[in-house]
Amino acid sequence: AQQPQDAQPAQQPQDAQPAQQPQDAQPVYKELLRHSPEEFEQMRQAAAAAAKASVINDFDAFVENTRDLTEMLYDLDIDWVYFHYHRKHPYPIIESFTAFTICVVCGANTYRGVIRVWKANAAFFRAAFPNLPVDLNDPGKARVPSLEGLRKILSRLNPAAIVAFIQVLACSRILDDMMRNDAHRPIFALDGKTDRALEYEADAKIKQHRQRHLHKRDYIVTLFSHYGLVPVDQEPVQRKENENKACVRLVSRQDNLQGAIITSDAVNTVEPVAQAILSAGPDVHCMLPIKGNNPKKEEAAKTAFVKHSNEVLEYRVEDEKGHGRKEVRFVQCLPATVMDPKDLGPWAKIAKTIVLAQTISVEEKYGYERQPETRIFFSSLPFSEPDLAHLVYTAVRAHWGVEAMHYILDVTFKQDRIKHKCRHLHQIRVLINKLALVLLRYEADRSTTPCSIADLRTEGNVPKMLGLLSDVIRGTKSAA
């Protein structure tokens with residue numbers, strides 16, 4: 001106010017217009033608010049356009065690559081609709097399920113996250129799936145479903161159809177991994193998992209909330225293929241039963257396990273599970289751990305390895321480094337006949353080979369050697385099996401790979417935070433997470449630079465993942 005009016009234009013440019021600023025504004029705000037809201041919006045749009053251009057440079061090429069994706073999905077001959085939900089819906093089930101899966105692949109862990117990714121990539125979904133409803137405000141984009149619409153889409157899906165779809169996508173990956181590892185036997189792993197955040201409607205017979213919460217928690221047993229960590233099939237554990245009965249049902253209905261080795265946790269080291277595995281097909285074998293659930297058998301097996309140390313077959317891996325540790329792993333095999341039949345008990349008719357697996361770990365930073373980890377396994381593989389020690393070592397490591405995959409589902413996909421009051425919806429969400437993980441592993445394998453699963457889960461990867469899905473289905477059909 002003390003300066004003359006004719007001096008103001010010389011001190012500041014005309015576009016600054018200091019006279020229009022509020023009187024109570026401090027000078028420091030002029031440094032922080034350098035850009036107007038319109039400029040911020042322009043910068044945001046430019047950054048989004050640059051990110052999209054870095055992912056895909058030619059929209060016409062994307063359309064050409066995915067133009068037959070819908071036709072290929074319908075040609076898979078899969079019954080997608082769950083028998084309880086044959087009702088009309090504006091969103092076609094196959095295209096909607098595929099779009100939902102791609103959104104989960106690209107970082108969406110919740111329904112709101114799926115809507116956000118769908119909205120940001122509506123043009124790509126419209127180009128890849130012409131049958132999706134059109135956005136009334138922009139005909140070039142697909143309409144974004146509501147929260148209730150997404151739940152209805154998932155509730156119409158058949159879980160067996162998603163399992164069949166995973167098997168179709170993973171067929172070539174399993175074969176490629178088997179050829180890469182030069183394996184002469186497929187390896188499968190049985191493992192059960194329950195999500196901590198899952199809860200159902202309250203049971204009137206149980207009064208305490210915590211007991212209610214645990215009573216109706218869903219528990220699912222899955223059969224994984226070691227090659228690619230692909231889920232082959234899954235079976236929910238029914239009420240008032242344990243994991244063993246679900247494993248028996250799951251293994252008994254498989255018809256493509258010829259020549260396979262099936263591993264599991266110690267909780268399934270029981271005769272019904274072992275007999276179901278041996279009866280699953282010709283030349284199918286089991287390899288089950290013996291831990292604290294059978295202390296006498298475990299101690300007798302360790303004593304046998306001490307007495308017959310000159311007869312063992314051994315396979316050893318030296319200097320395996322990772323996570324700040326230097327590890328030495330080895331397995332030793334002995335024929336089961338070296339043990340007393342009284343110690344084996346009913347397993348005398350099942351076990352043909354006993355296996356000792358040990359890991360010696362040293363912390364590289366401090367030079368501290370941990371207590372060696374030793375595990376005993378009973379296997380129905382004959383002791384005369386070619387390259388037995390190497391095959392057993394691969395099977396032992398395969399089961400640890402499944403446990404690592406559960407960590408990815410819990411941490412990266414936030415599967416432990418899924419909350420549903422419908423058992424059917426929960427099974428669908430779990431299967432979609434596993435399907436998304438299969439696609440991400442495909443992309444990680446064909447990537448020229450090392451990348452993690454979390455790095456690939458970005459919204460900008462939607463066109464890349466749609467193109468990957470088209471390439472995988474096209475390659476599977478050409479191989480068939």
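Numbers here simply count residues along the sequence, with the first being 1. Below, each value reflects all heavy atoms present in this structure, side chains not excepted, and no hydrogens, waters or symmetry copies.
Counting all heavy atoms, side chain and backbone alike, Cys333 lies closest to Ala389 at SG-CA, 4.1 Å. Across every non-hydrogen atom of Val284 and Gly281, the tightest pair is CG2-O, 3.4 Å. The shortest heavy-atom contact between Ala266 and Pro289 is N-CG, 3.5 Å. Between Val221 and Cys247, the closest heavy-atom pair is CG1-SG, 3.6 Å. Of all non-hydrogen atoms in Val338 and Ala304, the two that sit nearest each other are CG2-CB, 4.1 Å.
Considering CD of Gln234 and CG of Leu223, their distance stands at 11.0 Å, rounded to 0.5 Å. Note that CG of Leu150 and CD1 of Ile115 are 5.0 Å apart. Values are rounded to the nearest 0.5 Å.
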Requested in this report: Under the side chain to side chain donor-acceptor pair (under 3.5 Å) rule, what do Asp265 and His399 come out as? Steps first, then yes or no, please.
Outcome: CA-CA 8 Å; Asp265 292 329; His399 201 79; 2.7 Å; yes
Query - Audit row: Gln332, Tyr315, side chain to side chain contact (heavy atoms under 4.5 Å, CB included) steps and yes/no - result: CA-CA 7 Å; Gln332 296 178 344; Tyr315 180 82; over 6 Å; no
Report task. Would you please test Thr337 and Phe383 for side chain to side chain contact (heavy atoms under 4.5 Å, CB included) and show each step? Result -> CA-CA 10 Å; Thr337 53; Phe383 193 71; over 6 Å; no
Query raised in the report: Checking side chain to side chain donor-acceptor pair (under 3.5 Å) for the pair Gln258/Asp283: CA distance, chi angles, key distance, verdict?
Result: CA-CA 6 Å; Gln258 291 79 8; Asp283 200 22; over 6 Å; no
**Report entry** Asn109 vs Arg457, side chain to side chain donor-acceptor pair (under 3.5 Å): CA-CA, chis, key distance, verdict
**Finding:** CA-CA 10 Å; Asn109 295 322; Arg457 300 193 72 209; 3.0 Å; yes
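With a 4.5 Å cut-off on side-chain heavy atoms, Val392 and Phe377 do not count as touching. The shortest side-chain heavy-atom distance between Val270 and Val273 falls under the 4.5 Å cut-off. Residues Ile220 and Lys193 are not in side-chain contact: their nearest non-hydrogen atoms beyond the backbone lie 4.5 Å or more apart. Looking only at side-chain heavy atoms (C-beta outward), Ile428 and Ile432 come within less than 4.5 Å of each other. Put simply, the side chain of Ser264 does not reach to within 4.5 Å of the side chain of Thr269, judged on heavy atoms. At least one side-chain heavy atom of Asn121 sits under 4.5 Å from a side-chain heavy atom of Pro463. Side chains of Leu190 and Thr263 form no contact here, defined as non-hydrogen atoms less than 4.5 Å apart. Residues Pro92 and Leu132 meet the side-chain proximity criterion, which asks for heavy atoms closer than 4.5 Å.
Applying the 6.0 Å contact sphere to CD of Glu373 captures no more than 12 heavy atoms from other residues, nucleotides or ligands. In Lys245, the NZ atom is not crowded: 12 or fewer heavy atoms of neighbouring residues, nucleotides or ligands sit closer than 6.0 Å. At most 12 non-hydrogen atoms from other residues, nucleotides or ligands lie less than 6.0 angstrom from NZ of Lys152.
One N or O on the side chain of Ser379 and one on the backbone of Cys286 form a donor-acceptor pair closer than 3.5 Å. A donor-acceptor pair is defined here as one N or O able to donate and one able to accept, closer than 3.5 Å; such a pair exists between the side chain of Gln254 and the backbone of Leu250. When atom types are taken as modelled, the side chain of His424 and the backbone of Leu157 share a donor-acceptor pair closer than 3.5 angstrom. The backbone N or O of Leu69 sits nowhere less than 3.5 Å from a side-chain atom of Thr66 that would complete a donor-acceptor pair. In this structure, Asn461 contributes its side chain and Leu456 its backbone to a donor-acceptor pair below 3.5 Å. No donor-acceptor distance shorter than 3.5 angstrom exists from the side chain of Ser309 to the backbone of Phe305, with no hydrogens or angles considered. Side chain of Lys414 to main chain of Val411: a donor-acceptor pair is present (N/O by atom type, distance under 3.5 Å, no hydrogens or angles).
Arg185 and Glu385 are joined by a salt bridge, as a carboxylate oxygen and a charged side-chain nitrogen come within less than 4.0 angstrom of each other. A salt bridge links Glu314 to Arg316: at least one charged side-chain nitrogen sits closer than 4.0 Å to a carboxylate oxygen. Remark: Glu327 engages Arg329 in a salt bridge, criterion side-chain N to carboxylate O under 4.0 Å.
In summary, of the residues considered (Val396, Ile262, Leu391), a side chain to side chain contact (heavy atoms under 4.5 Å, CB included) with Met287 occurs for Val396 alone.
In this model, a donor atom of one side chain and an acceptor atom of the other lie less than 3.5 Å apart for Lys434 and Thr222. For the residue pair Gln415 / Asn433, a side-chain donor-acceptor distance below 3.5 Å is found, with atom types taken as modelled. Judged by distance alone, the side chains of Glu243 and Asn268 do bring a donor and an acceptor atom under 3.5 Å apart. Neither side chain, Glu235 nor Tyr219, offers a donor N or O lying under 3.5 Å from an acceptor on the other.
For the pair Arg429 and Phe413, the cation-pi criterion (under 6.0 Å, within 45° of the ring axis) is not fulfilled.
Between Trp80 and Phe165, the ring centre distance stays below 6.0 Å.
Listed by first and then second residue, the salt bridge (Lys or Arg N to Asp or Glu O under 4.0 Å) pairs that reach into residues 101-118 are Arg116-Glu459, sequence neighbours excluded.
Ring geometry for His406 against Phe224 counts as perpendicular: the plane angle is over 60°, on a 0 to 90° scale with 30° as the lower cut.
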